[in-house]
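Worksheet: the structure to be examined is printed underneath.
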Amino acid sequence: MSKIYQVTGIGLNEKNLQLQETIFHNANGYIGVRGTLEEGVPADFDTMRGMYINGFYDIAPMKQAEKLCNLVEDKESMLNVADTQTIEVSFDGQKFSMADDADCRYVRTLDMEKGITRREVDWSNKEGKQLHFNITRMASFEERSLFTIDYCFQSIDFSGTVEIHSRHLGLVRNYFNPKDPRLAGESHNHLKKEDVHICESGACLVSSTVESHLKVASAVANIVTVNQKRQPSEVVTYDETAHAMDVSYRFDIRPGDEVRIIKYSIFTDSIREEDCRNVADEKLSKVVEQGIASYYKKQQEYLKEFWNNSSMEIVGDRDLNESLCFNMYQLLQSAGYDGYSSIAAKGLSGEGYEGHYFWDTEMFMVPYFAMTNPAIARKLLEYRYKTLGKAKENAALLGHKKGALYPWRTITGRECSGYYPSGTAQYHIDGDIAYAVILYYKTSGDWEFIKEMGLKILLETNRLWLDVGNYYKDRFVINCVTGPDEYTCIVNNNYYTNASAKYSMQWCLKFIQRLAEEKDAYQQFVKENDLTEEEIQAMKEAEEKMYLPYDETLGINPQDDSFLQKPIWDLEHTPQEEFPLLLHYHPLHLYRYQVCKQADTVLAHYLFPDYQDKETEENSFRYYEKITTHDSSLSTCVFSIMASRLGLKDKAYYYFGDSAKMDLLNTHKNSKDGIHAANMGGSYMAIVNGFARVQAEEDKLFLAPALPENWQGYHFRIRYHGSLLEVSVNKETCSIEQLEGTAITVELYGKEYVLEAANQKVEVPYQEN
Ligand code: BGC
């Protein structure tokens, strides 16, 4: 399968500029750099020029119009850190700019095997003299602090003087758009200059944040050659006000000459390093010494291993494979890997949602990593474990006497959602995190993780459920919460929320029981966490008596207690330009209708299949399908999975198509602000958990693959309890081959098999189901 994505074009077009900045961004889970142009764009062009560090933030005011008790009044915001992208090149005084040559041809490439992006441009200056540019960028997986620009150009028929300015700008601001609630509404100056110094290989700027008092260091080195001969820099200037460094070069070239500028940028921060200034200097010296070629090589090796674990192919569908490949690659680029960070809703590709982490990670992306790269899944959960203390503080702020409530959106663990009805009130985030802990355990078998971190998360979040819920007519009810569907807020007994609380309690009790078999560990856990027998009993009772709303007349699970009392929104007669509804209607208006932004009960049915029968699931699917707008990008993938589970193959395929190509086709029209990372995980799940019906349980892996009409076949690799498996499906056969690992049990189309060791394979006739 080709792992190259390309677009070609002529001239600079403002319309697709920002979308390309997203699609061709470079990231490695630590730094993210938008695919902006080194030379910049004309001043009247809208561009989001940004370089970000996962989890690096400042605090911005978020004033509430009315001072109600304990509402949050500030938020964390991912910062645009120093801009090291600028490289300006002039030819006899004329700056290279794609805007000045309307006929210039360009090709932009994302090479997912090499882990680089490339921009090639054939450009002519005003005299019609031609130059060819070839600019390669990389965010290194080997050295996560490193971002490189390998800027080459060749003169075709130009003779004259070249002047190069390579800049490094310390004081930058974030992008904002007051008209779109999904972006920051205003911009603040978050960075102060601290220090500038020349280090062994280049120059380093250190800035600190105004409110969060963090530090970030960026160290940059330039190596310029003409026909492989090193050029000395001419002038190095420092502009105190802009906290900016400018290194310039000047020389003559002739037709055929090749110029190469290798710009190494190192970023370090005080969240991860005690002395980020010195670490940046040291790392810069190291990478310059090792040279860019060695990092290209290591990048390719890293990705070889990544694709070995993540390989997936739909036989004969080139476009779709390209999208799936793109989605998986973006998930890797976005994922925090160090326990200090998670995955922002837009990854590290843009400033939409201000770099905040939501339930998106646990429900849509952890499942992907658990199946392909369990070490990353574990780190993502470790991040939640590390912020458990803050989740307890958050619960206390909301009036709870016990337990932990994770924030709806956050960077460090503090609540950052300003509008609580569709923010803080989404208590299901506790159930989501618990679900991801359980899913990771089921897929990896990592009991040590549960003992060390997972069970504590489960205990504290279940304490919260016990505190927020109460008994009414002998049923455990949870009132005044918001489920995943943000067009229906502050309701009683949201089906999804109650089901996820029940599931989490069930597993918490199960884990406690298992831990009790390890006497010392159990006693230590009881002591450290003040676990009492009464609490265990309370959890048992709430779990058994959890109220799950059901409507006899329609045979469905209503989304919540009052959902079915509301009139149904007339979606058929709503003009296309009024979508997404959230940008055109007052929230209260939306709340009074049966209209869903995204899958809610349908998602619950996929996650918790034991709590309702198949008929209820199908009735519900058909009911909610008619009233769901999919205004959230987290929706169609869920409808696809559930359609597969119900055997509605055409629908599964239809919804899957929408989800798989969302960013490449810009179907939600806002990919310019960043990728839809959760949807990317969702499109993966639509194949593995949807079409192939993979379900990892504690002691067995279940599969019952189905093949959409339009596909000849598909195959993918997954990890289960340490084993690496290859699943292949075509119209005749379905097979599972164990590539690495020890004995595991699989159940294929209802029949059990044991794969004893590597190289064992089960192959059965394909079954239509
Ligand atoms: C969705 C949420 C999601 C958030 C970030 C919103 O539009 O409704 O479910 O968590 O976007 O992706």
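Annotation for Arg173 and Asn80: closest pair O-ND2, 3.0 Å, computed over non-hydrogen atoms. When all heavy atoms of Gly170 and Ser207 are compared, the closest pair comes out as O-OG, 3.9 Å.
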Exercise for the section: Kindly determine whether Phe91 and Phe153 satisfy ring-ring contact (aromatic ring centres under 6.0 Å, His included), including the steps that lead there. Expected result: CA-CA 12 Å; Phe91 300 92; Phe153 58 89; 5.3 Å; yes
Practice task
Let me see the working for Glu273 and Thr268 under side chain to side chain donor-acceptor pair (under 3.5 Å), right down to the final yes or no.
Solution key: CA-CA 7 Å; Glu273 308 288 352; Thr268 57; over 6 Å; no
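Within the cation-pi definition used here (under 6.0 Å to the ring centroid, within 45° of the axis), Lys114 does not qualify as a partner of Tyr296. Cation-pi geometry between Arg378 and Phe449 is not met at under 6.0 angstrom from the ring centre and within 45 degrees of the axis.
Looking at Arg119 and Glu38, a side-chain N of the basic residue comes within less than 4.0 Å of a carboxylate O on the acidic one, giving a salt bridge. Between Lys392 and Glu460 there is a salt bridge, with a side-chain nitrogen of the basic residue lying less than 4.0 Å from a carboxylate oxygen of the acidic one. No salt bridge links Lys95 with Asp100; every basic N to acidic carboxylate O contact stays at or beyond 4.0 Å. Taking the charged nitrogens against the carboxylate oxygens, Glu393 and Lys390 have no contact shorter than 4.0 Å, which rules out a salt bridge.
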For residues 342-351, run the donor-acceptor check on the side chains, cut-off 3.5 Å, and write out each pair with its distance to 0.1 Å, sequence neighbours left out.
unit_1 : atom_1 : unit_2 : atom_2 : d
Ser342 : OG     : Thr361 : OG1    : 3.3
Ser349 : OG     : Lys346 : O      : 2.7
Ser349 : OG     : Ile675 : N      : 2.9
Glu351 : OE1    : Asn174 : ND2    : 3.2
Glu351 : OE1    : Tyr175 : N      : 2.7
Glu351 : OE2    : Tyr52  : OH     : 2.7

Pairs of donor and acceptor atoms involving the side chains of residues 225-237, under 3.5 Å and at least two apart or interchain, shall be tabulated with distances.
unit_1 : atom_1 : unit_2 : atom_2 : d
Asn227 : OD1    : Glu258 : N      : 2.7
Asn227 : ND2    : Asp257 : OD1    : 2.9

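Inter-residue side-chain proximity for Val196 and His243 is flagged as met; some heavy-atom pair is nearer than 4.5 Å. Side-chain contact between Thr161 and Glu163: absent, with no pair of heavy atoms (C-beta onward) separated by less than 4.5 Å. Side-chain contact between Ile87 and Ile164 is present, with at least one heavy-atom pair separated by less than 4.5 Å. Side-chain atoms of Met245 and Ile198, non-hydrogen and from C-beta on, do get closer than 4.5 Å to each other. Residues Trp123 and Tyr106 are not in side-chain contact: their nearest non-hydrogen atoms beyond the backbone lie 4.5 Å or more apart. Between Thr36 and Gln85, some side-chain heavy-atom pair lies under the 4.5 Å cut-off.
Here Asp252 pairs with nothing under the salt bridge (Lys or Arg N to Asp or Glu O under 4.0 Å) rule; sequence neighbours left out.
Proximity of the aromatic rings of Tyr357 and Tyr383 is defined here by a centroid distance below 6.0 angstrom, and this criterion is met.
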